[in-house]
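Please read the structure below before turning to the comments.
The shown structure was predicted, so the numbers you read here are calculated from the model rather than taken from an experiment. Read the numbers this way: they start at 1 and go in the same order the structure lists the ligands and their atoms. We're numbering straight along the sequence, starting at 1.
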Amino acid sequence: MKAWEMTNTIEEDQRLPNQRAGDAEVEVGALEALGVRVTYLPVGADNAGRNAANDEALEAYRKAHGYVHMDVLEVSPSTLPNYRQKLREFFEEHIHADEEVRYVVDGSGYFDVRDARDEWVRMHVTPGDLLVLPAGIYHRFTLDTGDYIRAIRLFREAPQWVPIPRPDAERHAARQRYVHELRTRNGEPAAVRA
Ligand SMILES: CSCCC(=O)/C(O)=C/O
Ligand SMILES: [Fe+2]
């Protein structure tokens, strides 16, 4: 999975890389310092030849991390009801009270997270990438120009999707916990801007 620093504003299309000038790549270690975990579980093929999860590897991962629940989300103009509205919601900066865990089995897309300086870092996820965003981190999602992703969503509790937008999220316990953890881990003040 590749990650890079993003431009502050999107001039043309959110589905383009929008990478900041100067080859500003971000290493996995820097993502981990933000509490983001990236794992790679290779995908296989199902009976119809479509990309599918590697069931054994996924089972082992779920068991090890307590992700008892899962479902599949296919994001594309033809498969997702209220596609445009949904994409608008996904791309609105938000947090969740719990982790966001996504295992990409087909297609691709971008998850953007705010770093400790409150700048956007963009991650390009492709089949096999399993991404864990910690509770309380500001983030958003968009498809890339392929306009298609199929991801397995993993949960410890019953599946739900409750985005808490900025600035309301500033007061949320999950946000405050996250900022505290970030400061403790990195020993530097994390930007907190409403
Ligand atoms: C490919 S997962 C779609 C985006 C999503 O579920 C989410 O929570 C974005 O923040
Ligand atoms: Fe989210």
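- The atom name of the N/O/S atom in H139 closest to the Fe ion (ligand 2) is NE2.
- Residue E100 approaches ligand 1 through these ligand atoms, each under 4.0 Å from one of its heavy atoms: 5 (C), 7 (C), 8 (O), 9 (C), 10 (O).
- Summarising the geometry of G136 relative to I95, their closest heavy-atom pair is O-CG2, 3.4 Å, with the distance given to 0.1 Å.
- No chain of hydrophobic side-chain contacts below 4.5 Å, direct or via other Ile, Leu, Val, Met, Phe, Trp or Tyr residues, connects V75 to Y110.
- Taking the six-membered ring for Trp and thresholds of 30 and 60 degrees, Y61 and Y67 have nearly parallel ring planes, at less than 30 degrees apart.
- Cation-pi check for R166 over Y138 is met; the charged atom lies under 6.0 angstrom from the ring centroid and within 45 degrees of its normal.
- When hydrogens are left out, the protein atom nearest atom 10 (O) of ligand 1 is H94 NE2, 2.9 Å; that is the closest non-hydrogen contact.
- Residue H96 touches ligand 1 through its side chain alone, judged by heavy-atom distances below 4.0 Å.
- With hydrogens left out, the protein atom closest to atom 6 (O) of ligand 1 is R102 NH2, 2.9 Å, a heavy atom.
- Counting non-hydrogen atoms of neighbouring residues, nucleotides and ligands closer than 6.0 angstrom, the NE2 atom of H180 reaches no more than 12 such neighbours.
- Those atoms of ligand 1 with a heavy atom of H139 less than 4.0 angstrom away are 10 (O).
- The atom of E100 nearest to the Fe ion (ligand 2) is OE1, with the search restricted to N, O or S atoms.
- Residue contacts with ligand 1 for R140 are absent, since no atom lies close enough (heavy atoms, distance under 4.0 Å).
- Taking every non-hydrogen atom of L73 and a distance limit under 4.0 Å, the qualifying atoms of ligand 1 come out as 2 (S), 3 (C).
- Closest of all the heavy-atom pairs between K86 and P81 is CG-O, 4.0 Å.
- Taking the six-membered ring for Trp and thresholds of 30 and 60 degrees, W4 and H124 have ring planes inclined between 30 and 60 degrees apart.
- Of the options F141, Y110, Y103, the smallest heavy-atom separation from atom 4 (C) of ligand 1 is shown by F141.
- Note: an N/O pair closer than 3.5 Å links W161 and ligand 1 by distance alone.
- Using a 4.0 Å cut-off between heavy atoms, V104 makes no contact with ligand 1 at all.
- Centred on the Fe ion (ligand 2), the NE2 atom of H94 and the NE2 atom of H96 lie at an angle of 100°, reported to 10°.
- The backbone N or O of E74 lies less than 3.5 Å from no partner atom in the side chain of R150, so there is not a single donor-acceptor pair.
- Nearest heavy-atom pair across R156 and G66 is CG-O, 3.4 Å.
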